[in-house]
Amino acid sequence: AQSVTQLGSHVSVSEGALVLLRCNYSSSVPPYLFWYVQYPNQGLQLLLKYTSAATLVKGINGFEAEFKKSETSFHLTKPSAHMSDAAEYFCAVSHRLKAAGNKLTFGGGTRVLVKP
Amino acid sequence: GAGVSQSPRYKVAKRGQDVALRCDPISGHVSLFWYQQALGQGPEFLTYFQNEAQLDKSGLPSDRFFAERPEGSVSTLKIQRTQKEDSAVYLCASSLGMAEQYFGPGTRLTVT
């Protein structure tokens, strides 16, 4: 079974400061990894994904994440927070086995507050 | 192009009523997923379709929940005899095979 743990349900950062959101996973096989963002009353938007190419993945809106197999982590970072980054962020994993489909297992989410 | 659409966006049901939630996936997307997102939590998988075949329904919480995709495009999630614990946002997503999933805006169901 797969599981995802996001450390910190709420993170507060100042505008212009580093954003760091932590994600650790457990999986019996190497997974695909994703970060999604959710704005109020909206669906989830994909920020970036890891599917076994480069371990440092760049996404939209200046976000990036690094896959570290030894630490079973996939932390999300952005060098300089913007007010528009205020949202909820979800880390997710899916199986590589085609027969399993690619259903996602999500973490509990981290809500980001950006202070002016 | 058009993304995933869901209707209604908001639904209020009295306990015991049946509800039907609709998902229109992106045209040509083979895979369709339903997720349930309780307040303050991450989405949880409910069921998965590949074309019209329901290949995984392991996440459906009870036999009151039923999903169908008869022609391999539009899908309906039906909840019979709704209970208060069914209150949540129901998200639909579609994808091409093993590729990334595109999510709709969700249907917020409130059971009173």
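Numbered from 1 within each chain, the chains take letters A, B, ... in sequence-line order. Owing to the predicted nature of the structure, the values given are computational and were not obtained by experimental measurement.
Highest contact tally toward chain B, considering only A:Gly107, A:Gly108, A:Gly109, is held by A:Gly108 [criterion: heavy-atom pairs under 4.5 Å]. When the candidates A:Asn41, A:Thr105, A:Leu44, A:Leu46 are compared by the number of heavy-atom contacts under 4.5 Å with chain B, A:Leu44 comes out ahead.
A:Thr110 places no side-chain N or O within 3.5 Å of a backbone atom of A:Ser9 that could act as its donor or acceptor partner. Checked by atom type and distance alone, the side chain of B:Gln36 never pairs as donor or acceptor with a backbone atom of B:Gly59 at under 3.5 Å. With hydrogens and angles ignored, the 3.5 Å screen pairs a side-chain donor or acceptor of A:Asn24 with a backbone N or O of A:Glu71.
For chain A, no part of B:Tyr102 is nearby; none of its heavy atoms comes within less than 4.5 Å. At a 4.5 Å heavy-atom cutoff, the contact between B:Tyr10 and chain A is made by side-chain atoms alone. Contacts between A:Leu104 and chain B at a heavy-atom distance below 4.5 Å involve backbone atoms as well as side-chain atoms. Only the side chain of A:Gln38 comes within contact range of chain B, with heavy atoms under 4.5 Å apart. Using a 4.5 Å cut-off between heavy atoms, B:Thr47 does not touch chain A at all. Using a 4.5 Å cut-off between heavy atoms, B:Gln6 does not touch chain A at all.
Atoms NZ and CD, on A:Lys49 and B:Gln101 in that order, are 11.0 Å from each other to the nearest 0.5 Å.
The local environment of CD in B:Glu71 is sparse, with at most 12 non-hydrogen atoms from other residues, nucleotides or ligands closer than 6.0 Å.
For the pair A:Lys103 and B:Tyr48, the cation-pi criterion (under 6.0 Å, within 45° of the ring axis) is not fulfilled.
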